[in-house]
**Q** 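Quick one: this structure, given as structure tokens, is what I'll be asking you about.
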Amino acid sequence: MENRTYTADAEPGDTVTVAGWAHEIRDLGGIAFLIVRDTTGKIQVKFEKDEMDDDLVETGVNVNRESVVQVSGAVEEEERAPTGVEIVPEDVEVVAPADPELPLDPSGKVDADISTRLDNRTLDLRMEESKAIFEIRAEVLRAVREQFRDLNCTEINTPKIVATGTEGGTELFPITYFGQEAFMNQSPQLFKQLMVGSGLERVFEIGPIFRAEEHNTPRHLNEATSIDFESAFYDHSDAMDACEAVVRAAYEGVAENCQEQLETLGYEDFEAPSGDFPRLTYEEAIERINATGELDEQLVWGDDLPTEGEHALGEEVGEHYFITDWPSEIKPFYIKDHDDDETLSTGFDLMHPSMELVSGGQREHRYDHLVAGFEQQGLDPDAFEYYTKMFKYGMPPHAGWGLGGERLVMTMLGLDNIREAVLFPRDRQRLSP
RNA sequence: GCCCGGGUGGUGUAGUGGCCCAUCAUAUGACCCUGUCACGGUCGUGACGCGGGUUCAAAUCCCGCCUCGGGCGCCA
């Protein structure tokens with residue numbers, strides 16, 4: 001289809017061939033309109049029954065909605081047409097007919113449940129709102145990659161089939177690997193750390209992670225996209241700077257390059273976050289949560305932040321913010337404690353007012369401390385020897401973080417359900433399509 | 001893992017014991033209509049998740065199953 005013209009490019013005076021989907025047919029009697037939709041938009045095709053070939057009219061007016069059609073004809077300026085132009089057809093061809101009854105309505109006149117939409121994602125993505133989300137998602141990934149490159153990172157890809165998890169076995173999907181026990185990787189954590197000791201020093205990865213948790217919420221997936229960063233000779237504060245830059249770059253990229261999509265989704269004043277993200281210590285965070293009076297029970301030092309507390313604090317802060325200096329006991333063993341206070345971790349979270357987006361920290365790079373950490377967690381250090389032994393050959397101090405890609409898109413666009421931000425989500429009950 | 005709430009034409013819904021061979025919208029079929037842009041009009045088509053039970057009577061109440069959504073925990 002070399003000579004195909006996009007509907008958006010059809011100019012008055014041109015003779016064109018457009019190809020796309022029959023969005024709607026409006027038969028008014030002596031005149032009928034066929035609206036053809038492609039990825040760039042829609043164009044109206046006019047059928048004046050008395051003045052046109054009967055077969056041509058017959059074909060054009062009897063097309064089922066959502067059939068793939070190809071229309072050739074002259075583009076004419078017409079102020080009564082929705083886009084100001086319309087095609088007077090010379091030839092209409094049904095390239096691929098659609099059943100008259102559709103499993104959902106791509107014209108959006110009737111809503112569909114998220115479940116129906118996911119079962120029929122192809123049709124769902126014919127709606128411009130659904131499509132806009134994924135165009136924005138693509139822009140987020142592009143902007144993030146560019147920012148990482150500005151930070152002198154090398155993009156890496158690490159294995160998704162692994163012999164051991166990061167923090168234990170319970171939340172991993174087990175698989176059989178040529179008769180051997182193996183798992184789907186829940187995080188590139190260990191591998192990216194190994195890279196900071198390599199000649200690469202500073203790396204990022206955007207890839208899938210797998211979590212076997214049986215949660216059932218609008219913000220969890222069993223297969224998610226993790227945006228990971230790790231750098232040698234960084235402390236937790238440097239890592240937070242990088243994190244802020246990447247999140248901001250994502251917003252700026254979307255603000256700059258996705259005007260049309262934002263409009264489609266109903267955003268009139270989408271703006272990238274301005275100013276630095278506030279950095280609250282864990283202690284400040286629990287104090288502020290307690291002060292809101294939203295929780296039935298006051299939080300004490302060492303408690304994890306309950307969802308309700310996150311929401312209360314998020315509402316108060318009203319923008320992205322970091323929570324730093326967590327109690328060591330509730331952060332993973334591979335995160336380094338402060339040198340002057342072993343009860344305090346260098347771990348940090350980046351929060352959107354509505355949920356956690358990022359988890360990171362400075363890593364434990366000292367071999368003895370690392371091995372001791374494994375033992376304290378009840379993990380067998382021997383099982384992680386591929387990892388720990390590299391800490392014997394010059395592992396620099398380093399820090400990094402992991403950002404939930406879908407959560408970034410979800411919070412950016414205010415989506416109700418994280419599944420909206422994944423083409424084919426994997427959740428507790430959904431394995432197909 | 002614990003705890004809630006749903007499943008009614010293709011799609012989205014109304015209906016909480018008889019007024020229901022089930023409402024409305026959209027879709028779909030036929031006919032009418034020469035400027036629609038959620039086109040309009042007339043007449044049709046099409047559904048109570050599955051199995052069992054209670055009752056004179058069940059979409060509606062009860063039990064089991066299947067299925068979907070959500071809250072918490074945990075996390076990205």
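The figures here come from the full heavy-atom set of this structure, side chains too, leaving out hydrogens, waters and symmetry mates. These numbers were taken from a predicted model, which means no experiment stands behind them. A note on names: the letters A, B, ... follow the listed sequences, proteins ahead of strands, and every chain is numbered from 1.
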**Q** Within the pair A:N417 and B:G70, is there a side-chain N or O less than 4.0 Å away from OP1 or OP2?
**A** yes
**Q** So what does A:L28 hit on the nucleic acid, given a heavy-atom distance under 4.0 Å: a base, only sugar-phosphate, or nothing?
**A** base
**Q** Protein-nucleotides 24-26 of chain B N/O pairs closer than 3.5 Å?
**A**
none

**Q** Which part of the nucleic acid, if any, lies within reach of A:L221 when heavy atoms closer than 4.0 Å are counted: base, sugar-phosphate only, or nothing?
**A** base
**Q** Give me the distance, rounded to whole Å, that separates B:G69 from B:C63 when you measure between the C1' atoms they each carry.
**A** 23 Å
**Q** Do A:D325 and A:H338 meet the criterion of a side-chain donor-acceptor pair at a distance under 3.5 Å?
**A** yes
**Q** Report the distance from atom CG of A:D111 to atom P of B:G12, rounded to the nearest whole Å.
**A** 9 Å
**Q** Under a 3.5 Å threshold, yes or no: a donor from one side chain and an acceptor from the other, between A:R137 and A:T225?
**A** yes
**Q** Could you tell me how far B:A47 sits from B:A59 if I compare only their C1' atoms? Round to whole Å.
**A** 10 Å
**Q** Which value, in whole Å, describes the distance between the C1' atoms of nucleotides B:C68 and B:G12?
**A** 15 Å
**Q** With a 4.0 Å cut-off on heavy atoms, is A:E86 in touch with a base, just the backbone sugar-phosphate, or nothing at all?
**A** base
**Q** With sugar-phosphate meaning primed atoms plus P, OP1 and OP2, does A:E310 contact a base, only sugar-phosphate, or nothing at under 4.0 Å between heavy atoms?
**A** base
**Q** Figure out the CD1/C1' separation between A:I25 and B:G29, and round it to whole Å.
**A** 14 Å
**Q** Find the partner of B:U11: check Watson-Crick (N1-N3 plus N6-O4 or O6-N4) and G-U wobble (N1-O2, O6-N3) distances, both under 3.5 Å, and reply none if neither fits.
**A** B:A25
**Q** Can you check the A:W326 CH2 to B:C75 C1' distance for me, whole Å?
**A** 11 Å
**Q** For the pair made of CD in A:E356 and P in B:C75, what is the distance, rounded to whole Å?
**A** 8 Å
**Q** Whole-Å distance between B:G10 C1' and A:L123 CG?
**A** 12 Å
**Q** A:E78 or A:E24: which one's nearest nucleotide on RNA chain B is closer to the 5' end?
**A** A:E78
**Q** Using atom CD of A:E79 as one end and atom C1' of B:U36 as the other, report the distance to the nearest whole Å.
**A** 14 Å
**Q** Quick one: side-chain contact (heavy atoms from CB on, under 4.5 Å) partners of A:A182, sequence neighbours excluded?
**A** A:I161, A:I175, A:Y177
**Q** Any protein N or O atoms within reach of nucleotides 71-74 of chain B? Criterion: under 3.5 Å, listing atom names and distances.
**A**
| unit_1 | atom_1 | unit_2 | atom_2 | d |
| --- | --- | --- | --- | --- |
| B:G73 | OP1 | A:T307 | N | 3.4 |
| B:G73 | OP2 | A:T307 | N | 3.4 |
| B:G73 | OP2 | A:T307 | OG1 | 2.3 |
| B:C74 | N3 | A:H220 | NE2 | 3.3 |
| B:C74 | N4 | A:R219 | NH2 | 3.3 |

**Q** Considering Watson-Crick and G-U wobble pairs with both distances under 3.5 Å, what does B:C2 pair with?
**A** B:G71
**Q** I want to know whether A:F270 and A:Y251 have ring centres closer than 6.0 Å.
**A** yes
**Q** Is any NZ, NE, NH1 or NH2 atom of the basic residue among A:E223 and A:K160 found under 4.0 Å from an Asp or Glu carboxylate oxygen of the other?
**A** no
**Q** Whole Å only: how far is the CG atom of A:N64 from the P atom of B:U28?
**A** 8 Å
**Q** Could you tell me whether A:R117 contacts a base, only the sugar-phosphate backbone, or nothing, with contacts defined as non-hydrogen atoms closer than 4.0 Å?
**A** nothing
**Q** Between B:A30 atom P and A:D27 atom CG, what is the distance in whole Å?
**A** 11 Å
**Q** What does A:Q44 touch in the nucleic acid at a heavy-atom separation under 4.0 angstrom: a base, only the sugar-phosphate, or nothing?
**A** base
**Q** Identify whether any heavy atom of A:S115 sits under 4.0 Å from a base atom; if not, whether one sits that close to sugar-phosphate; answer base, sugar-phosphate or nothing.
**A** sugar-phosphate
**Q** If you measure from the Lys or Arg side-chain nitrogens to the Asp or Glu carboxylate oxygens, is any gap between A:K46 and A:E86 under 4.0 Å?
**A** yes
**Q** Under a 3.5 Å cutoff, is there a donor and acceptor pairing between the side chains of A:S345 and A:D337?
**A** no
**Q** Regarding A:P103, tell me which of base, sugar-phosphate or nothing describes its non-hydrogen contacts under 4.0 Å with the strands shown.
**A** sugar-phosphate
**Q** Is there a Watson-Crick or G-U wobble partner for B:G17 with both distances under 3.5 Å, and if so, which one is it?
**A** none
**Q** Just by distance, no angles: are the side chains of A:T158 and A:E205 close enough, under 3.5 Å, to form a donor-acceptor pair?
**A** yes
**Q** Does OP1 or OP2 of B:G70 have a side-chain N or O of A:R419 closer than 4.0 Å?
**A** yes
**Q** Take atom C1' in B:C61 and the same atom in B:U23, then report the distance between them in whole Å.
**A** 23 Å
**Q** Give one of base, sugar-phosphate or nothing for A:A81, where a contact means two heavy atoms less than 4.0 Å apart.
**A** base
**Q** For B:U42, which nucleotide in any strand shown is its Watson-Crick or wobble partner with both distances under 3.5 Å?
**A** B:A30
**Q** Is any side-chain N or O of A:T225 closer than 4.0 Å to OP1 or OP2 of B:A76?
**A** no
**Q** Assess whether a salt bridge exists between A:K49 and A:D27, defined as any Lys/Arg side-chain N lying under 4.0 Å from an Asp/Glu carboxylate O.
**A** yes
**Q** For the residue pair A:F33 and A:F47, is the inter-centroid distance of their aromatic rings smaller than 6.0 Å?
**A** no
**Q** Base, sugar-phosphate alone, or nothing: which one does A:A224 contact when heavy atoms must sit under 4.0 Å apart?
**A** base
**Q** When you match A:P100 and A:K331 each to their closest nucleotide on RNA chain B, which lands nearer the 5' end?
**A** A:P100
**Q** Report yes or no: do A:T40 and A:D38 form a side-chain donor-acceptor pair below 3.5 Å?
**A** yes
**Q** Give me the distance, rounded to whole Å, that separates B:G10 from B:U28 when you measure between the C1' atoms they each carry.
**A** 9 Å
**Q** With both distances under 3.5 angstrom, what nucleotide forms a Watson-Crick or G-U wobble pair with B:U60?
**A** none
**Q** Is there a donor-acceptor contact under 3.5 Å linking the side chains of A:Q193 and A:Q189?
**A** yes
**Q** What interatomic distance, in whole Å, is found between C1' of B:U54 and the corresponding atom of B:U60?
**A** 13 Å
**Q** Expressed in whole Å, how much space separates the P atoms belonging to B:G53 and B:A58?
**A** 13 Å
**Q** Which is true for A:D113 with a 4.0 Å heavy-atom rule: it touches a base, it touches only sugar-phosphate, or it touches nothing?
**A** sugar-phosphate
**Q** Any donor-acceptor pair under 3.5 Å linking the side-chain atoms of A:T217 with those of A:H215?
**A** no
**Q** Taking the same atom, C1', in B:C48 and in B:U16, what whole-Å distance lies between them?
**A** 13 Å
**Q** Does A:K49 reach a base, just sugar-phosphate, or nothing at all? Heavy atoms under 4.0 Å.
**A** nothing
